[in-house]
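Numbering starts at 1 and runs along the sequence shown. Start at 1 and go down the list; that is how both ligands and their atoms are numbered.
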Amino acid sequence: MGNFLAGKVVAVTGAGRGIGRAVALAAAAEGARVVVNDHGVSIEGSEPTSSVADTVVKEIEAAGGEAVAVADDISTMEGGQRVVDTALASYGRIDGVVCVAGILRERMLFNMTEQEWDPVVATHLKGTFTLFRAASAVMRRQGSGTLIGFTSGNHQGSVAQANYSAAKGGIISLVRSAALGLHKYGVTANAVAPVARTRMSANVPMELKEIGEPEDVAALVVYLLSDRAREERITGQVYTIAGPKIAVWAQPRELRAGYAEGAWTPERIADFLPGTVGVDPMPLLEQLEAMARAAADQARPNA
Ligand SMILES: NC(=O)c1ccc[n+]([C@@H]2O[C@H](COP(=O)([O-])OP(=O)(O)OC[C@H]3O[C@@H](n4cnc5c(N)ncnc54)[C@H](O)[C@@H]3O)[C@@H](O)[C@H]2O)c1
């Protein structure tokens, strides 16, 4: 056992499987007392069971750590509150929350139903809000704490997961808002965009060139929860971790601007915009077009 998180109390959602489980085990191994939350659902979010969270608590205890299970659904306000209340009731404080819980309901936008949209946005985006909301009220009084949201490279856009992509983009804005709003109370907020082998990544229809294990992601999360990251004043950041690679994402900012002489009209904009302000090419669209060209080449009879 290390002591990177000695004395800290950390709550992890979606901690029963995959990345969340690795985060919970690593945090406990580094000295944290851990609230293990998992609703124990299928990849689409159905068939809940409490045994998934209980199993991880037993693993932590078997390794000599301290943990308590909460099987609630974190897409409800009560669920998020219960996770934080359990930390306070069991251990008297909350130093970090890590919102890892997630589900997938893949469908092209033109076929997507409300039942495919709502639960995905509720689990990822609202499920981060419910924890951040409950924990930040306590952290503000404590004058310290760390909030961590889970996003995805997919926040750039997605062909068949518009619900998931929109929720992941929302999580980044929520994290940046938390970083801004809680800065003066000594609370930090960051987001992690992982790429790791789990049941969820096994569902990705294309080969992932850069991928690692849930334990790689857990190492980054432990660091972000630690005083070492607080000393570096790391807040409002989005990090990708994919096996050996760690990357930081750019802050959104205006790329180029132009100014009208007099009022804008559609005609003036049509003359002005293409040659001056222009566009910022979309990397994923270029990748899609390259894939389509490669597929067309392959399909040629003499390829
Ligand atoms: N695995 C990857 O490569 C990858 C890539 C990008 C983003 N992510 C994100 O990382 C996170 C973890 O993904 P994973 O691959 O470990 O997935 P996973 O399916 O292995 O684990 C997700 C866990 O969340 C739990 N959960 C789902 N809904 C819940 C709810 N309402 N309340 C409480 N628990 C709930 C599930 O029971 C499950 O145990 C997700 O947010 C995912 O979107 C993963």
Return yes when Thr13 approaches ligand 1 closer than 4.0 angstrom through a heavy atom, no otherwise. no
For ligand 1, is there an N or O atom under 3.5 Å from any N or O atom of Ile74? yes
Identify, by atom number and element, the atoms of ligand 1 in contact range of Ile103, meaning under 4.0 Å from any of its heavy atoms. 27 (C), 28 (N)
Should the proximity of Ala101 to ligand 1, defined as any heavy atom under 4.0 Å, be assigned to the side chain, the backbone, both, or neither? both
Take a 6.0 Å sphere around CZ of Arg256 and say whether it holds more than 12 heavy atoms from other residues, nucleotides or ligands. yes
At the 4.0 Å heavy-atom cut-off, does Asp72 count as touching ligand 1? yes
Do Val175 and Ile171 pass the side-chain contact (heavy atoms from CB on, under 4.5 Å) test, and can you show the C-alpha distance, the side-chain angles, and the key distance before you say yes or no? CA-CA 6 Å; Val175 161; Ile171 287 171; 4.3 Å; yes
For ligand 1, which atoms sit closer than 4.0 Å to a heavy atom of Ile19? 1 (N), 10 (O), 16 (O), 44 (C)
Hey, which atoms in ligand 1 end up nearer than 4.0 Å to a heavy atom of Thr151? 7 (C)
When you measure from the side chain of His124 to the backbone N and O of Val121, does any donor-acceptor pair fall under 3.5 Å? no
Does ligand 1 come near enough to Asp73 that some N or O of the ligand is less than 3.5 Å from an N or O of the residue? yes
Between the side chains of Ser46 and Glu44, is a donor N or O closer than 3.5 angstrom to an acceptor N or O? no
For Pro194, state whether at least one heavy atom is located under 4.0 Å from any atom of ligand 1. yes
What about Val52 and Ile60, same hydrophobic cluster or not, with Ile/Leu/Val/Met/Phe/Trp/Tyr joined at side-chain heavy-atom distances under 4.5 Å? no
List the steps, then state whether side-chain contact (heavy atoms from CB on, under 4.5 Å) holds for Phe150 with Ile19. CA-CA 10 Å; Phe150 263 67; Ile19 294 168; 3.7 Å; yes
Spatial distance of atom CZ (Arg33) from atom CZ (Arg93) [nearest 0.5 Å]: 8.5 Å
Considering the heavy atoms of Ala196, write down every atom of ligand 1 situated less than 4.0 Å from one of them. 1 (N), 2 (C), 3 (O)
With heavy-atom distances below 4.0 Å as the criterion, list the atoms of ligand 1 near Arg199. 18 (P), 19 (O), 20 (O), 36 (C), 38 (C)
Just to check, does Ile43 reach to within less than 4.0 Å of ligand 1 when the distance is taken from its heavy atoms? no
Non-hydrogen atom of Arg21 closer than 4.0 Å to ligand 1: no
Protein residue, atom and distance nearest to atom 14 (P) of ligand 1, heavy-atom basis: Thr198 OG1, 3.6 Å
Looking at Asp85 and Arg82, is any side-chain nitrogen of the basic one under 4.0 Å from a carboxylate oxygen of the acidic one? no
For atom 9 (C) of ligand 1, find the nearest protein heavy atom and state the residue, atom name and distance (0.1 Å precision). Tyr164 OH, 3.9 Å
closest protein heavy atom to atom 37 (O) of ligand 1 is Asp38 OD1, 2.5 Å
Check whether any side-chain heavy atom of Ile103 lies under 4.5 Å from a side-chain heavy atom of Val120, and answer yes or no. yes
For Thr146 and Thr188, test the side chains for any donor-to-acceptor distance below 3.5 angstrom and give the result as yes or no. yes
Carboxylate-amine/guanidinium proximity below 4.0 Å for Asp38 and Arg21: no
Does the side chain of Asn154 reach to within under 4.5 Å of the side chain of Gln161, using non-hydrogen atoms? yes
Got the closest protein heavy atom to atom 10 (O) of ligand 1, with its distance? Phe150 CD2, 3.6 Å
Is it true that Arg176 and Gln251 share a donor-acceptor pair across their side chains at a distance under 3.5 Å? yes
Give the numbers and elements of all ligand 1 atoms closer than 4.0 Å to a heavy atom of Val100. 11 (C), 12 (C), 40 (C), 41 (O)
Out of all atoms in ligand 1, which are within 4.0 Å of some heavy atom of Ser201? Include the element for each. 1 (N), 2 (C), 3 (O)
Regarding atom 28 (N) of ligand 1: of the candidates Thr123, Thr128, Val195, which has the closest heavy atom? Thr123
Give the residue and atom name of whichever protein heavy atom lies nearest to atom 27 (C) of ligand 1, and the separation in Å to one decimal. Val41 CG2, 3.3 Å
For Arg197, is the nearest heavy atom under 4.0 Å from an atom of ligand 1? no
Criterion side-chain contact (heavy atoms from CB on, under 4.5 Å) on Met139 and Leu147, from CA distance to verdict: CA-CA 10 Å; Met139 291 174 174; Leu147 304 170; 3.7 Å; yes
Within 4.0 Å of some non-hydrogen atom of Arg17, the atoms of ligand 1 are 20 (O), 36 (C), 37 (O), 38 (C), 39 (O)
Report the nearest protein non-hydrogen atom to atom 34 (N) of ligand 1: residue, atom name, distance rounded to 0.1 Å. His39 N, 3.1 Å
Do any heavy atoms of Val217 fall under 4.0 Å from ligand 1? no
Before giving the answer on side-chain contact (heavy atoms from CB on, under 4.5 Å), spell out for Arg133 and Met77 the whole-Å C-alpha distance, their side-chain angles and the decisive distance to 0.1 Å. CA-CA 9 Å; Arg133 166 67 183 86; Met77 294 305 282; 4.2 Å; yes
Taking the minimum heavy-atom distance to atom 22 (C) of ligand 1, which of Gly40, Gly18, Gly102 ranks first? Gly102
